[in-house]
Asks: 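Below: one structure in structure tokens.
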2 protein chains.
Amino acid sequence: MSVQERKERERAGRERLILATARELAEQQGWDAVTTRRLAERIEYSQPVLYSHFRGKREIIGAVALEGAAEMAAALRAAARAADGPRARVTALARAYLDFAARNPAVYDAMFQLDGGLAFAKEDTPEPLKDAFAALLESLGEVAGDGVPPGLFTEVFWAALHGLATLTRAGRLPPEDAERRTRLLVDRLAMV
Amino acid sequence: MSVQERKERERAGRERLILATARELAEQQGWDAVTTRRLAERIEYSQPVLYSHFRGKREIIGAVALEGAAEMAAALRAAARAADGPRARVTALARAYLDFAARNPAVYDAMFQLDGGLAFAKEDTPEPLKDAFAALLESLGEVAGDGVPPGLFTEVFWAALHGLATLTRAGRLPPEDAERRTRLLVDRLAMV
DNA sequence: CTCGATTGTCTAGCAGTGCTAGGGTCGAAT
DNA sequence: ATTCGACCCTAGCACTGCTAGACAATCGAG
């Protein structure tokens, strides 16, 4: 028994190593630099080993995305918890979201920009993704305003944050005005 | 003289053919399907011919993006012109933007999602891109609200539209609520 | 009208990609 | 001690973007 358990532990450890390495490489040089050969070399195994853990590169991206979703959900809840009052909570939430995207561009790409083979807005959406949306909903629901479904409001607010995050990082928006844009967004969208 | 002019005309025509073919292929099967071989085969030339017109695939994407930007600017202006009053103009603008993104997903990707090697928010930003932003600014500037710079307001509104467009198309947002989300966005952001 | 030169195009090939088939090796169970 | 099976690696496939060099067609000069 114990030998089998040891093997499973080692396997799980190697899987974590793969994901951590892929993520590190992606953050350093972008996802284009994450090739199966390079990744295999860094973990000091041959390429086929990757395919005994994941169906392919897409699934590796998807796994990193799920990791990221869990982290983001935690970051959002922490920021919301540290703020007093609905309005301050929303501001903190928005800053935390944009901050996460800016600090973890590769992970953010894995979550929303690249094809990680993940389902969305469906029954079989992975739990971490639903939970990240839930983390937004918790703070945004209370400022949706009368007659506006919290879910709908959260979708719109989320879309705005996503747009700011991607356009800023792609160099489409000047970075220096980020804070003013955030304040404008919160001022207008959040009903006190 | 005339022979040289004829050659230039033919060259320009072939360049248009390349772009139209690339765009068509991308809309039909996605940009991943636009390989230099397939593209060359469709225009009935060999691959190196592509490189006598463009530096590489990236530049082809960039050229399609510029085409798209010009079309989008025209569509936005047409929609704004057909509406009466600032508020109706903004609503029409938002619908036109999202409609363009939904109807021309590959072109929209070329403009904002893929790397077309284009500069943004800088001095050397290509004219069509600046003009598309200007088309937004024309209608959005009048509803920015007191004390809010029109440019900043336009950036935020644009980011929100971009977020809605990309998340909807990626299956992250349920398509059936698109109109309600648009109305909510306009209601909150536009100062009458 | 002929003959170099220039222009244009194609064939063939390079290095790199994601992914997989097959053979060996090494450890575990009998 | 021996068999067996899990594990991993080498080698290779079909594809990618891109380019060098050979070849043919066209042009301008004599």
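Naming convention: chains lettered A, B, ... in sequence-line order (proteins, then strands); numbering from 1 in each chain. Hydrogens, waters and symmetry mates are skipped; everything else that's a heavy atom, side chains included, is used.
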Asks: For the pair made of CD in A/Glu10 and P in C/dG27, what is the distance, rounded to whole Å?
Replies: 12 Å
Asks: I'd like to know if A/Arg37 reaches the base of C/dG16 with its side chain, counting only an N/O donor and acceptor under 3.5 Å.
Replies: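 Under the 3.5 Å cut-off, the side chain and the base do not form any donor-acceptor pair.
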Asks: Using whole Å, report how far CD1 of A/Ile60 lies from P of C/dT17.
Replies: 14 Å
Asks: For B/His53 and C/dG8, give me the distance from atom NE2 to atom P, rounded to whole Å.
Replies: 10 Å
Asks: Any sub-3.5 Å donor-acceptor pair from A/Arg188's side-chain atoms to B/Leu189's backbone N or O?
Replies: yes
Asks: B/Tyr45 and B/His53: side-chain donor and acceptor closer than 3.5 Å?
Replies: no
Asks: Would you indicate what B/Arg14 reaches in the nucleic acid, counting non-hydrogen atoms under 4.0 angstrom: base, sugar-phosphate, or nothing?
Replies: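 The answer is sugar-phosphate, as B/Arg14 gets under 4.0 Å only of primed atoms, P, OP1 or OP2.
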Asks: Contact class for A/Arg58 (heavy atom, under 4.0 Å): base, sugar-phosphate, or nothing?
Replies: nothing
Asks: Rounded to whole Å, please give me the gap between CD in A/Glu15 and C1' in D/dC8.
Replies: 17 Å
Asks: Side chain of B/Pro48 only, please: which of D/dG17, C/dC19, C/dT11 is the nearest?
Replies: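 Of the candidates, C/dT11 comes closest.
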Asks: For the side chain of A/Tyr45, counting heavy atoms from C-beta on, which of D/dC7, C/dC19, D/dC9 is nearest?
Replies: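 Nearest nucleotide to the side chain: D/dC9.
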Asks: Mark yes or no for whether B/Glu27, through its side chain, and B/Ala106, through its backbone, hold a donor-acceptor pair below 3.5 Å.
Replies: yes
Asks: Between P on C/dT9 and OH on B/Tyr51, what's the gap in Å once rounded to a whole number?
Replies: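 Checked: the OH to P distance equals 16 Å.
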Asks: For B/Glu41 and D/dT16, what is the distance between atoms CD and P respectively, to the nearest whole Å?
Replies: 11 Å
Asks: Once you apply a heavy-atom cut-off of 4.0 Å, does A/Arg38 come out as touching a base, just sugar-phosphate, or nothing?
Replies: sugar-phosphate
Asks: If you look at every strand shown and take non-hydrogen atoms under 4.0 Å, does A/Thr35 touch a base, only sugar-phosphate, or nothing?
Replies: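 Counting heavy atoms under 4.0 Å across all strands, the contact made by A/Thr35 is with sugar-phosphate only.
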Asks: Taking all heavy atoms of A/Pro86 and all of A/Val143, pick out the closest pair and write down the distance.
Replies: CB-CG1, 3.8 Å
Asks: Given atom CD1 of B/Ile18 and atom C1' of C/dT9, what is their separation to the nearest angstrom?
Replies: 13 Å
Asks: Using atom CD of A/Glu8 as one end and atom C1' of C/dA28 as the other, report the distance to the nearest whole Å.
Replies: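 In whole Å, C/dA28 C1' lies 16 Å from A/Glu8 CD.
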Asks: Check whether any side-chain nitrogen or oxygen of A/Thr36 sits under 4.0 Å from OP1 or OP2 of C/dG18, and answer yes or no.
Replies: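 For A/Thr36, the contact criterion (side-chain N or O under 4.0 Å from OP1 or OP2 of C/dG18) is met.
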Asks: Does the base of D/dC18 carry an N or O that pairs as donor and acceptor with the side chain of B/Gln47 under 3.5 Å?
Replies: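 Pair found.
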Asks: Measure the spacing between CG of A/Leu50 and CD1 of A/Ile43 and express it to the nearest 0.5 Å.
Replies: 5.0 Å
